[in-house]
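Counting begins at 1 with the first residue of the sequence. Order of appearance sets the numbers: ligands from 1, and atoms from 1 within every ligand. Keep in mind the model is a prediction, meaning the values are calculated, not measured.
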Amino acid sequence: MLTKLEMLYEGKAKKVYRTEDKDRVIIEYKDDATAFNGKKKGTIQEKGFYNAQISAALFNLLEDNGVKTHFIKKLGDREQLTTYVDIIPLEVVVRNIVAGSLSKRLGLEEGYVLEEPIIEFYYKRDDLGDPLLNNSHIRALKLADEEEIKEITAMGFKVNDILRNYLSNKGIELVDFKLEFGKNNGNILLADEISPDTCRFWDKSSGEKLDKDRFRRDLGGVENAYREVWSRVK
Ligand code: TMP
């Protein structure tokens, strides 16, 4: 049995703890919520619980479908045992429907259904406002080489196919989402979390937002939205 030793890292939504095994860490999900690179702060009651449970369900689904992830198993309500990875500082966004920053950048209406999914890379640097990167930027910054970019791109689209189909059967439209990848012993693993914090989920029948946009845009009903997603994927 591995136990939680000292904290290695505290992010905006999670804490990471060392264990007796250098290749295993314990991740604890917090109720803290931020938006706009930490400029907006708040708490979403029980978010840590909902996100830990939703993320575990989706990582299990992806593993069952051949995607290599950091996820090993759930430990209690808000914790997970995962493989230690060095996070590649890229936010990999896959989009099926136009929303958020893409709508603003390209002047397209929110809700416009893309003919094929779009993948985007952002530099994970709050101090720079997470700028958009292309493959040349990624190579110049030595964040990943061309082979790794190809692998990450293929994994991003595969995750999209699996999640979109699964969620559709639960009455949820997968609008877009953000992934992070990490490396352990040279292998690229899907890491971080997959939750209403990092995805846009729209209810298929009502169009209602079931994700962090309710917090970002002060729409109310934030906890209910997270609970609703949990009840559909648990
Ligand atoms: P965007 O439209 O604001 O670029 O967001 C695209 C997707 O990425 C959306 O599902 C929310 C998610 N996201 C994060 O997980 N973290 C972030 O810091 C940002 C900006 C977006």
Nearest candidate to atom 1 (P) of ligand 1, where distance is taken over non-hydrogen atoms, out of Ser195, Gly129, Ser101, Gly100 | Ser101
Counting heavy atoms not belonging to Glu63, are there more than 12 under 6.0 Å from its CD?
-> yes
Mode of Asp197 contact toward ligand 1 - side chain, backbone, both, neither (heavy atoms, under 4.0 Å) = backbone
Verify the contact flag for atom 20 (C) of ligand 1, where contact means a protein heavy atom under 4.0 Å away.
-> no
Residue, atom name and distance, where the atom is the protein heavy atom closest to atom 5 (O) of ligand 1 | Arg200 NH1, 3.5 Å
Please verify whether a non-hydrogen atom of Glu120 lies at under 4.0 Å from ligand 1.
-> no
Closest approach of Trp202 to Val98 (non-hydrogen atoms, all atoms of both residues) | CH2-O, 4.4 Å
Please report which non-hydrogen protein atom sits nearest to atom 8 (O) of ligand 1, along with the residue it belongs to and the distance in Å to one decimal place.
-> Lys178 CB, 3.5 Å
Nearest-neighbour protein heavy atom for atom 10 (O) of ligand 1, which is reported as residue plus atom name and distance | Asp176 OD1, 2.5 Å
What heavy-atom pair brings Ala191 and Phe59 nearest, and what distance separates the two atoms?
-> O-CZ, 3.4 Å
Give the residue and atom name of whichever protein heavy atom lies nearest to atom 11 (C) of ligand 1, and the separation in Å to one decimal.
-> Arg216 NH2, 3.6 Å
Is Lys209 close enough and on-axis enough to Phe201, meaning under 6.0 Å and within 45°, for cation-pi?
-> no
Specify side chain, backbone, both or neither for Cys199, according to which of its non-hydrogen atoms lie closer than 4.0 Å to ligand 1.
-> backbone
CA sep, side-chain torsions, deciding dist, call: Arg200, Asp213, salt bridge (Lys or Arg N to Asp or Glu O under 4.0 Å) | CA-CA 7 Å; Arg200 285 195 174 93; Asp213 270 350; 2.6 Å; yes
Could you please spell out the steps behind the side-chain contact (heavy atoms from CB on, under 4.5 Å) verdict for Glu173 and Leu167?
-> CA-CA 7 Å; Glu173 191 75 67; Leu167 292 166; over 6 Å; no
With Asn184 as partner, the option from Thr82, Asp23, Thr83 fulfilling side chain to side chain donor-acceptor pair (under 3.5 Å) is Asp23
Identify, by atom number and element, the atoms of ligand 1 in contact range of Phe177, meaning under 4.0 Å from any of its heavy atoms.
-> 10 (O)
N/O to N/O below 3.5 Å, does that happen between Asn37 and ligand 1?
-> no
Mind checking whether Ala99 contacts ligand 1 via backbone (N, CA, C, O), side chain (CB onward), both or neither, at a 4.0 Å heavy-atom cut-off?
-> backbone
Using the salt bridge (Lys or Arg N to Asp or Glu O under 4.0 Å) rule, pick out the option among Lys14, Lys15, Lys4, Lys73 that qualifies with Glu79.
-> Lys4
At a 4.0 Å cut-off, with the gap strictly under it, does some heavy atom of Glu91 reach an atom of ligand 1?
-> yes
